[in-house]
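Chain naming here is simple, since letters A, B, ... match the order of the sequence lines and numbering starts at 1 in each.
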Amino acid sequence: MADKILDIRNLDITFKTTAGNVHAIRGVNVDLERGETVAIVGESGSGKSVVMKTAMGILAGNATINSGEIIFRYKEDDGSLQEVDILKKEKKWVRQNINGRKIAMIFQDPMTSLDPTMTIGNQLIEGMIMHLGISKEDARKRAIELLEEVGITDPEKRYKQYPHQLSGGMRQRVVIAIAISCYPDLLICDEPTTALDVTIQAKILDLIKTIQKEHGISVIYITHDLGVVAKVADYVNVMYAGRIVEVGNVEEIFYDPKHPYTWGLLSAMPDLDTDDDRLYTIPGSPPNLLHEVVGDAFAPRNQYALKADWKEQPPMFKVTDTHFAATWLLDERAPKIEMPQELKKRIERMKQTKG
Amino acid sequence: MAVDYNAEPLLRVEKLKQYFKNGSYVVKAVDDVSFEIYPGETYGLVGESGSGKTTIGRGIIRLYDPTGGRVLFRDMDISGKLDRYTNWELRTKMQMIFQDPMASLNPRKKIGDIIGEGLDIHHSYSSQEERREKINAILAKVGLAKEHYDRYPYQFSGGQRQRVGIARALIMNPDLIIADECISALDVSIQAQVVNLMKDIQEETGCAYLFIAHDLSMVKYISDRIGVLHLGRLLETGTTEEIFSNPLHPYTISLLSAIPSPNPRAERSRSAVSYDYATSGLDYNRGELHHVGGKHYVYGTDEEVAGWLAKEN
Ligand SMILES: Nc1ncnc2c1ncn2[C@@H]1O[C@H](COP(=O)(O)OP(=O)(O)OP(=O)(O)O)[C@@H](O)[C@H]1O
Ligand SMILES: Nc1ncnc2c1ncn2[C@@H]1O[C@H](COP(=O)(O)OP(=O)(O)OP(=O)(O)O)[C@@H](O)[C@H]1O
Ligand SMILES: [Mg+2]
Ligand SMILES: [Mg+2]
């Protein structure tokens, strides 16, 4: 059998709020092989961060896990392989044994993951001293190397500064340095480069790639930046309203998308090659998950929706061994409907530019 | 909407300097930066992390005392001390959408009340119903539901929080909105919605934007003019067309070459042009802004600029 490091099965989560119960995660499956890179893309609020926070045992207090398992296979310090269902473990155990050590996460909002009262340097060495058991002096040396690696100039000076004295992008790079400092098995990057400009973004992505290769780390990118996905991902999961609606390898998702939501997502990207006056937007807004969804959650915004999409939740139809999509359009009884012409032309153009 | 460049500029930043001291270590976050924004215009500010974009924005809304230079709003010097009334009035005329959505939202306040704060301070309603209506309308405009009114910031996704920040700025109908990376945390389909929304509001109210971003494809799409910032210096500015089709400064050229494309095959074989100030042979302290045609200016010494122009032809 292949070497699966993470296997999320049928995850289902509800949040209690004053307005009622929000059914935010509705049966999510994600898997990841060792050393591989998977991207999760999808609309804001679709549940990307919640899924990954669950895997780290840091779900908010008002959440209830209705069902599911999160199987994580990691290497012990002696090299032996361990398997746990994160959901069956105490939160405290997960925080002590998994968080920061075996799974590291780079959060979307860098300011919230840094302690404003502590210098950058102290925040960097804290984890290394605790998890790697190295001396303070060695930790300091490595911290400065790490700061340099993530592209921070004058690392010795920055080491002594506090988070508010750094720019947004520098703070994000510090967070990245902290995350990779203990060589985790799995690195989860939640919008890691949204605060970074393109030149540094490219450097950081290359850096993560190098560390990934050197240490056999698996990486999950949560991002809406399809340029980043195109650059780094082996596989892509497209998420909508608490479910994965399409999964495939990166070429399948970009060049042969099947779900109408994926079509919309690809169409909404600004195209440097055209001078259109308005950007394409997907009509309507995502469903309010305070109310149970019937059928395909995307149906109300989907001009191609079939009757069945309104009534029954579509299963994952198989397109190839690696490509699946949850839309009744793929049912053999469905009329043959193709992606919008505009998008088709754009994909043709993309395939021809070989860079 | 066509921008009238013969009109009086709405905002003028003149030789703005903002230095930060940490003991003996001085960070020249913004150094001698000048540009202006016209009524109804969108000015895109781009540049690498730490180049001083946020500091300029914060300087304009008077969060800092400038180390040097001045800022004029409608010909009024707003960089010095202001009387209370002017200050109060300015706070509705200029709004900033902050980069770090979580850090700029009070965690103990309901979203609706956060958005309504400006209305409350400036007594911009005659009844509670009107207040509620205004807030609901703006929630709908940024793609949130009225049920969201009673939620707290932590109960939102990153992108939803960012829209709260946008709603809070828009509700005051300002003349100038400083949008600091306001769409970077949003997914593409909502980015497109927000950008279209910002364009619509500009059509409707004629407000101007200082649009700070690193996503150059979005900046290209939304901006009338663009300024390129590096190490606190404004290196090049011009119309979007001028910058994209005729970039002169090597830093601008490198920045444009790094724009990622959502195309796996192109992305795997991309090679960006690299630029490193230390080895570039340029000296930012000796340069000046040179007019090179149209609205296009580039920063450098006479020889440097002559060299770039020669390469161009
Ligand atoms: N503690 C909570 N209480 C109530 N609702 C919550 C809570 N945390 C998250 N949610 C809701 O769950 C949904 C999924 O949120 P999540 O943060 O996973 O979105 P996301 O896909 O990461 O979006 P973004 O791209 O904007 O970061 C959202 O509708 C959000 O409002
Ligand atoms: N309060 C402060 N004290 C000390 N230094 C500061 C302070 N605020 C900003 N700086 C420094 O000023 C420089 C410019 O920071 P600024 O936040 O303006 O960058 P930016 O262009 O917005 O970058 P980013 O794209 O990463 O947000 C950085 O070197 C930063 O460390
Ligand atoms: Mg998120
Ligand atoms: Mg900034």
Between A:His23 and A:Phe15, ring centroids under 6.0 Å
no
Among all residues two or more places apart in sequence or in another chain, which pass the side chain to side chain donor-acceptor pair (under 3.5 Å) test with B:Gln18?
none
Between A:Ala230, A:Ser267, A:Ala60, A:Gly227, which residue shows the highest count of heavy-atom pairs closer than 4.5 Å to chain B?
A:Ala230
What part of A:Val250 is in contact with chain B, defined as an atom under 4.5 angstrom from a non-hydrogen atom: side chain, backbone, both or neither?
both
Is it the side chain or the backbone of A:Lys231 that comes within 4.5 Å of chain B heavy atoms, both, or neither?
both
With chain A as the partner, which of B:Pro262, B:Gly47, B:Ala258 has the greatest number of non-hydrogen pairs under 4.5 Å?
B:Pro262
Test salt bridge (Lys or Arg N to Asp or Glu O under 4.0 Å) applied to A:Lys345 - qualifying residues, sequence neighbours left out:
A:Glu342
Which atoms of A:Ala24 come close to chain B, meaning under 4.5 Å heavy atom to heavy atom: side chain ones, backbone ones, both, or neither?
neither
Could you check whether B:Arg132 makes a cation-pi contact with B:Tyr149, meaning its NZ or CZ is under 6.0 Å from the centre of the six-membered ring and within 45° of the ring axis?
yes
State whether B:Tyr152 and B:Arg108 meet the cation-pi test: NZ (Lys) or CZ (Arg) under 6.0 Å from the six-membered ring centroid, and within 45° of the perpendicular axis.
no
Parallel under 30°, tilted from 30 to 60°, perpendicular over 60°: which one fits the rings of B:His249 and B:Tyr275?
perpendicular
By a 4.5 Å heavy-atom criterion (distance strictly below it), what part of B:Ser261 contacts chain A: side chain, backbone, both, or neither?
backbone
Show your reasoning for whether side chain to side chain contact (heavy atoms under 4.5 Å, CB included) applies to A:Tyr162 and A:Leu114.
CA-CA 9 Å; A:Tyr162 291 89; A:Leu114 291 174; over 6 Å; no
Cut-off 4.5 Å, heavy atoms of chain A, and the answer for B:Gln155 is side chain
Side chain / backbone / both / neither for A:Val50 at chain B, heavy atoms under 4.5 Å
neither
Please state whether the side chain, the backbone, both or neither of A:Tyr255 comes within less than 4.5 Å of a heavy atom of chain B.
side chain
